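Note that ligands are numbered from 1 as they come in the structure, with each ligand's atoms numbered from 1 the same way. The shown structure was predicted, so the numbers you read here are calculated from the model rather than taken from an experiment. All residue numbers refer to positions in the sequence shown, counting from 1.
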Amino acid sequence: MQRIGFIGLGIMGKPMARNLLKAGYALVVYNRSRPAMEELLADGATLADSPKAVAEQVDVVISCVSDSPDVEAVALGNDGVIEGAKSGLTFIDMSTIAPATARKVYTALKEKGIDALDAPVSGGDIGAQQGTLSIMVGGEEAVFERSRPIFEAMGKNIVYIGEAGAGQVTKACNQIVVAMTVQAVAEALTLAKKSGVDVAKVREALMGGFAQSRVLDVHGKRILERNFQPGFKLNLHRKDMNIVLQTGRETSVPLFGSAQVTSMMDALLAQDQGELDNSALATLYELLSGLS
Ligand code: NAP
């Protein structure tokens with residue numbers, strides 16, 4: 001069995017790493033801050049003190065960190081994967097980053113004989129815990145096929161999309177749909193609340209009809225229960241919308257809805273709400289509607 005390294009043990013990375021351990025893989029982990037590493041040590045992982053040290057010990061390195069500069073630092077920076085990897089290593093980035101950065105990382109690693117895949121995920125913290133993530137993959141198809149058993153330990157819907165960067169383009173599309181669906185659910189439930197109608201019953205009715213969605217289910221419940229602990233942080237979703245809008249500009253595609261919901265996210269970030277779950281979009285609707 002291949003030996004795997006995992007870098008970035010946050011809300012997503014920690015349960016994903018645990019699922020690899022459960023599947024029987026020997027795991028070497030690195031996290032920038034210490035506490036998450038201690039948890040994985042208790043679960044049976046080996047600790048390393050840098051991405052370079054991870055790469056020196058394994059056949060496959062997975063990263064799940066925050067943003068494009070973070071992936072660049074982990075993969076190509078000082079003490080990065082590129083410094084510790086032997087030729088033939090596979091680097092799989094499962095963060096959500098700009099397609100252009102994914103292509104840059106792919107090219108830089110390829111020059112050193114390292115294969116790279118961009119493999120962002122959807123399904124949230126619940127999908128990460130349950131091993132039911134949707135995984136969208138860019139890179140060489142042969143490298144994808146060779147890595148399929150690793151993806152199967154973390155996800156259920158595993159789709160090879162195309163060449164390097166194609167996974168991240170897919171994730172940008174995913175984030176458009178999620179952002180505007182969260183907005184639609186927040187808007188609808190605010191209207192119900194201001195109209196004096198039972199919001200829980202509205203959600204229940206909508207769940208059985210054409211408006212049914214995972215967002216109405218999970219985020220609708222969060223809004224009802226006032227549970228805005230992440231989940232998926234608003235500042236990370238705002239980061240993804242930047243990738244969406246940037247990709248729209250690069251391809252000359254007008255993204256009217258994305259621009260609007262991004263401005264709503266900005267209004268919440270201006271109130272220091274970026275660490276809340278993205279379902280907290282509802283609180284802005286409530287404020288603007290005189291409900292809070
Ligand atoms: P998170 O809880 O904030 O975790 C981020 C992780 O990245 C932490 O382990 C952090 O280390 C590490 N990190 C950040 N910058 C780093 C750097 N420069 N060098 C080394 N490590 C660094 O975020 P998350 O929710 O797990 O999200 C991770 C990625 O998955 C993001 O790209 C996000 O957009 C994507 N994603 C998230 C969800 C979701 O529902 N949460 C769903 C799909 C995709 P520290 O512990 O030291 O801060």
Side-chain angles (χ1 to χ4, degrees), residues 5-19 29-40 45 47-55 61-83 91-99 101-102 105 118-137 154-155 157 167-168 170-179 181-182 214-215 218-219 222 227-244 265 274-280:
F6 206 106
I7 299 168
L9 303 169
I11 288 176
M12 298 298 284
K14 198 191 299 174
M16 289 159 73
R18 283 188 169 132
N19 284 331
V29 299
Y30 167 76
N31 196 58
R32 188 175 51 181
S33 52
R34 190 79 194 176
M37 293 231 282
E38 300 296 342
E39 287 183 52
L40 264 289
L47 307 188
D49 60 9
S50 68
K52 175 186 174 187
V54 172
V61 176
I62 298 173
S63 60
C64 189
V65 294
S66 306
D67 201 353
S68 304
D70 305 310
V71 174
E72 270 200 71
V74 157
L76 310 179
N78 287 341
D79 274 339
V81 169
I82 199 165
E83 291 187 357
F91 175 72
I92 305 175
D93 177 48
M94 304 189 78
S95 325
T96 304
I97 63 167
T101 306
V105 168
D118 48 295
V121 304
S122 178
D125 55 327
I126 299 169
Q129 287 155 25
Q130 296 178 345
T132 56
L133 291 168
S134 181
I135 307 176
M136 42 212 91
V137 188
M154 297 180 281
N157 184 41
Q168 294 295 354
T170 311
K171 177 68 186 185
C173 298
N174 184 84
Q175 294 308 77
I176 293 175
V177 175
V178 173
T181 313
V182 172
R214 182 88 180 270
V215 170
V218 175
H219 290 66
R222 279 178 168 279
N227 172 17
F228 299 123
Q229 289 315 302
F232 184 44
K233 293 171 196 161
L234 259 170
N235 56 23
L236 285 180
H237 205 161
R238 175 63 182 86
K239 173 262 300 179
D240 294 352
M241 297 315 288
N242 196 38
I243 294 168
V244 165
M265 291 175 180
E275 290 294 308
L276 295 184
D277 189 73
N278 59 352
S279 55

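Near G124, meaning under 4.0 Å from one of its heavy atoms, ligand 1 places the atoms 40 (O). The atoms of ligand 1 that sit less than 4.0 Å from any heavy atom of D125 are 40 (O). Heavy-atom proximity to K239, at under 4.0 Å, picks out these atoms of ligand 1: 31 (C), 32 (O), 33 (C), 34 (O). Atoms of ligand 1 found under 4.0 Å from any heavy atom of G8, numbered from 1 in the order shown, are 9 (O).
In terms of polar-atom proximity, defined here as any N/O pair under 3.5 Å, K171 makes no such contact with ligand 1. The distance criterion of under 3.5 Å between nitrogen or oxygen atoms is not met by V74 with respect to ligand 1. Taking only nitrogen or oxygen atoms, main chain and side chain alike, S95 does not reach within less than 3.5 Å of ligand 1. Not a single N or O atom of M94, backbone or side chain, sits closer than 3.5 Å to an N or O atom of ligand 1. Of the N or O atoms in D70, one or more lie within a sub-3.5 Å distance of an N or O in ligand 1. By the 3.5 Å distance cut-off applied to N or O atoms, I11 is counted among the residues near ligand 1.
The main-chain N or O of I7 is never found under 3.5 Å from a side-chain atom of R32 such that the two would form a donor-acceptor pair. The backbone N or O of A128 sits less than 3.5 Å from a side-chain atom of N19, completing a donor-acceptor pair. A side-chain donor-acceptor contact under 3.5 Å links K239 to the backbone of T96. Checking side-chain atoms of D70 against main-chain N and O of V65 turns up no donor-acceptor pair under 3.5 Å. Between the side chain of Q175 and the main chain of R238, no donor-acceptor pair closer than 3.5 Å is present. In terms of modelled atom types and a separation under 3.5 Å, the side chain of N278 and the main chain of H237 share no donor-acceptor contact. In terms of modelled atom types and a separation under 3.5 Å, the side chain of D118 and the main chain of G167 share a donor-acceptor contact. Without hydrogens or angle criteria, Q129 side chain to P15 main chain gives no donor-acceptor distance under 3.5 Å.
For atom 14 (C) of ligand 1, the nearest protein heavy atom (residue, atom name, distance) is S66 OG, 3.2 Å. At the top of the distance list for atom 35 (C) of ligand 1, counting protein heavy atoms only, stands T96 OG1, 3.6 Å. Remark: minimum distance from atom 4 (O) of ligand 1 to any protein heavy atom is reached at G10 CA, 3.4 Å. At the top of the distance list for atom 16 (C) of ligand 1, counting protein heavy atoms only, stands R32 NH1, 3.4 Å. Among protein heavy atoms, atom 27 (O) of ligand 1 sits closest to L236 CD1, 3.7 Å. Looking only at protein heavy atoms, the nearest one to atom 45 (P) of ligand 1 is S33 OG, 3.4 Å. Shortest contact from atom 11 (O) of ligand 1 to any protein heavy atom: N31 OD1, 3.6 Å.
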Exercise. Under the side chain to side chain contact (heavy atoms under 4.5 Å, CB included) criterion, do D277 and L234 qualify, and how do the steps go?
Worked result: CA-CA 6 Å; D277 189 73; L234 259 170; over 6 Å; no
For this session: In sequence, state the C-alpha distance, the side-chain angles, and the governing distance for D93 and V105, and then conclude on side chain to side chain contact (heavy atoms under 4.5 Å, CB included).
Result: CA-CA 9 Å; D93 177 48; V105 168; over 6 Å; no
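Of all the heavy atoms of I7, none lies under 4.0 Å from any atom of ligand 1, so neither backbone nor side chain is involved.
D67 CG to I243 CD1: the interatomic distance, rounded to the nearest 0.5 Å, is 6.0 Å.
Relative to atom 28 (C) of ligand 1, the option among L9, D240, V65 with the closest non-hydrogen atom is V65. Proximity annotation for atom 1 (P) of ligand 1: of K233, K14, M12, K233 comes nearest, heavy atoms only.
Put simply, the side chain of N78 does not reach to within 4.5 Å of the side chain of K52, judged on heavy atoms. A 4.5 Å side-chain heavy-atom check between V182 and R222 finds every atom pair outside the cut-off. Here the side chains of T181 and H219 are not in contact, with every heavy-atom distance at 4.5 Å or above.
Under a 4.0 angstrom heavy-atom cut-off, S122 registers as lying outside contact with ligand 1. Note on ligand 1: C64 sits in its first shell, one or more heavy atoms being nearer than 4.0 Å. Contact annotation: G231 has at least one heavy atom less than 4.0 Å from an atom of ligand 1.
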